[in-house]
Protein chains: 2
Amino acid sequence: MTRKIPQSTVRRLSHYLRSLEGFEGSGGTISSEELAARGQTTAAQVRKDLSHFGSFGKRGLGYQVDELRARLRQILGIDRSWRVGLVGAGRIGLALFDYPAFQARGYDCVAIFDADPAKIGEAWGEQTVRSPDVFEEVLRELDVELVILAIPASAAQEMAERAVEAGVKGILNFAPIRLNVPPKVPVQDVNLVMELEALSFAISQAERNA
Amino acid sequence: MTRKIPQSTVRRLSHYLRSLEGFEGSGGTISSEELAARGQTTAAQVRKDLSHFGSFGKRGLGYQVDELRARLRQILGIDRSWRVGLVGAGRIGLALFDYPAFQARGYDCVAIFDADPAKIGEAWGEQTVRSPDVFEEVLRELDVELVILAIPASAAQEMAERAVEAGVKGILNFAPIRLNVPPKVPVQDVNLVMELEALSFAISQAERNA
DNA sequence: CTACATTTGTGAAGTTTTTCACAAACAGCG
DNA sequence: CGCTGTTTGTGAAAAACTTCACAAATGTAG
């Protein structure tokens with residue numbers, strides 16, 4: 001039953017999990033209807049999404065909140081912790097490093113890199129900013145599974161390749177370019193300019209149709 | 001011909017524009033084939049995407065780079081500048097404020113707000129951090145069209161409502177909640193936790209199928 | 001001016017995702 | 001224990017999106 005899962009389903013699963021986290025009546029149950037209401041989707045969609053991964057509701061009752069939450073964490077792969085390397089100690093890197101939800105969800109930042117000599121050696125929490133010279137070496141040594149690229153587009157492709165070379169399993173990419181890496185290494189792009197453009201498009205569109 | 005445009009089309013338009021910007025042979029032309037190669041999609045998709053907005057290619061030749069670039073900017077609503085209000089002067093707010101591509105694309109940050117008394121009055125570039133007490137007033141006075149919410153989830157809904165009340169036309173939301181605003185005000189969500197979850201899902205999935 | 005080599009724009013076909021609708025399962029109650 | 005009121009899980013229908021394939025343009029070369 002678990003074959004090709006739509007990206008949109010994955011995004012909704014995150015939403016469901018978020019809803020359940022802000023739901024302290026942990027002992028109780030929740031219906032697809034209620035879950036849908038919190039997530040701006042439909043009950044049928046919720047059930048279909050979940051059905052991709054098995055059937056863990058009780059007919060007539062709904063879903064056990066505790067259990068569903070645990071199951072979603074498992075599906076999303078956050079029922080464990082991830083060893084993360086942060087590449088780029090600029091504003092965005094700093095913001096991510098400090099992001100509370102980050103650590104809280106098991107994403108452990110175990111190394112920070114930056115090419116700027118002025119930054120190398122700087123202490124960030126328990127971490128120290130390192131030189132890219134020791135990139136592969138450190139990634140391997142610390143068994144980093146996932147890197148966050150918060151560097152300019154010009155450097156991103158090279159660092160992505162080096163990360164893959166060092167055995168990283170996935171990349172969260174903030175640089176506004178399409179990385180060229182082997183398909184076995186998933187890349188998730190976050191492109192702030194694109195988000196702003198989507199917004200100004202939507203506004204312009206609304207105005208045109210008004 | 002311009003009716004309901006898929007969100008995925010809008011994202012691709014951004015990509016096309018990005019490709020064209022890194023293409024200095026401005027006088028020349030580019031074919032849908034070439035554009036597709038740079039954007040990880042297909043020629044047919046490129047043509048279909050563009051065809052939603054008219055037909056501005058020349059058969060046998062392709063698209064005039066200059067013209068297409070201008071047309072894309074117009075479609076995306078960035079052939080003008082936007083007056084932006086930044087709500088939340090934390091790490092994320094700072095990162096966005098400093099983001100070079102930001103100013104470069106006509107997003108003008110004209111006001112910054114934060115509830116933390118320690119931050120109010122702080123100078124950021126030419127801006128000074130203001131109190132939320134004067135939120136609506138300032139938004140109206142400066143004619144802010146677009147706000148960026150870089151604040152905790154607990155405060156986001158309230159500030160969104162107040163922004164709408166003050167006549168804002170769109171919201172870029174970094175808080176991990178679904179904002180409840182009138183449909184005429186588009187909201188674009190950026191959810192870093194969700195991106196990480198999508199990534200860990202993809203990695204886990206790859207491992208399961210391996 | 002005609003034949004030719006391209007490349008767009010677009011209906012139609014194909015695929016994917018969402019919505020519908022209903023049988024099956026379950027708790028509660030008398 | 002059987003009836004009732006829910007709510008799931010899921011095929012089937014509908015809608016949305018992507019790919020195909022080809023006629024209509026357009027520049028080029030002879």
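Residue numbers begin at 1 in each chain, while the letters A, B, ... track the order of the sequences.
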Identify the pairs formed between an N or O of the protein and an N or O of nucleotides 11-17 of chain C at a distance under 3.5 Å, and give each distance.
residue : atom : partner : partner atom : Å
C:dG11  : O6   : B:K48   : NZ           : 3.4

Between [atom2] of [N] and [atom1] of [X], the distance in whole Å:
| X | N | atom1 | atom2 | answer |
| --- | --- | --- | --- | --- |
| B:F56 | C:dT7 | CZ | P | 18 Å |
| B:E33 | C:dT8 | CD | P | 8 Å |
| B:D49 | D:dC20 | CG | C1' | 16 Å |
| A:Y63 | D:dT6 | OH | P | 18 Å |
| A:E34 | D:dT8 | CD | P | 9 Å |
| B:H52 | C:dT8 | NE2 | P | 17 Å |
| B:I30 | C:dT7 | CD1 | P | 12 Å |
| B:L13 | D:dC17 | CG | P | 14 Å |

For [N], does either OP1 or OP2 sit under 4.0 Å from a side-chain N or O belonging to [X]?
| X | N | result |
| --- | --- | --- |
| B:S32 | C:dT7 | no |
| A:S51 | D:dG9 | no |
| A:S55 | D:dG9 | yes |

Using residues 106-115 of chain B as the side-chain source, report each donor-acceptor pair under 3.5 Å to any protein atom, sequence neighbours left out, with the distance given to one decimal.
residue : atom : partner : partner atom : Å
B:Y107  : OH   : A:L196  : O            : 3.2
B:Y107  : OH   : A:S200  : OG           : 3.2
B:D114  : OD1  : B:D116  : N            : 2.8
B:D114  : OD2  : B:A89   : N            : 2.6

Spatial distance of atom CE (B:M194) from atom CG (A:L17) [nearest 0.5 Å]:
11.5 Å

Can you pull every protein N or O that's under 3.5 Å from an N or O on nucleotides 1-3 of chain D?
none

Name of the residue among A:Q64, A:R59, A:K58 meeting side-chain contact (heavy atoms from CB on, under 4.5 Å) with A:L61
A:K58

With sequence neighbours left out, which residue pairs that include part of residues 80-104 of chain A fulfil the salt bridge (Lys or Arg N to Asp or Glu O under 4.0 Å) condition?
A:R80-A:E145, A:R91-B:D98, A:D98-B:R91

Residues 37-49 of chain B vs salt bridge (Lys or Arg N to Asp or Glu O under 4.0 Å), sequence neighbours excluded, gives B:R12-B:D49

Got a sec: does the NZ of B:K119 have more than 12 other heavy atoms crowding it under 6.0 Å?
yes

Report the residues that fulfil side chain to side chain donor-acceptor pair (under 3.5 Å) with [X], sequence neighbours left out, ordered by chain and then residue number.
| X | result |
| --- | --- |
| B:E67 | none |
| A:D189 | A:N173 |
| B:E158 | B:R162 |

Which pairs with one or both residues in residues 146-173 of chain B pass ring-ring contact (aromatic ring centres under 6.0 Å, His included), sequence neighbours excluded?
none

Which side-chain N or O atoms in residues 163-170 of chain B pair as donor and acceptor under 3.5 Å with protein atoms at least two apart or in another chain?
residue : atom : partner : partner atom : Å
B:K169  : NZ   : A:E207  : OE2          : 3.1

Protein heavy-atom contacts under 4.0 Å, written 5' to 3' over nucleotides 21-30 of chain D as B (base), S (sugar-phosphate only) or - (none), form the string B-BBBBS---

Distance-only side-chain donor-acceptor flag, B:S14 / A:E197, under 3.5 Å:
yes

Output yes when a side-chain donor or acceptor of B:R71 lies under 3.5 Å from a complementary backbone atom of B:F53, and no otherwise.
yes

So what is the end-to-end bend of the helix from C:dC1-D:dG30 to C:dG30-D:dC1, with 5 pairs used at each end and the value given to 10 degrees?
0°

Check this for me: does any side-chain nitrogen of one of A:R105 and A:E21 sit under 4.0 Å from a carboxylate oxygen of the other?
yes

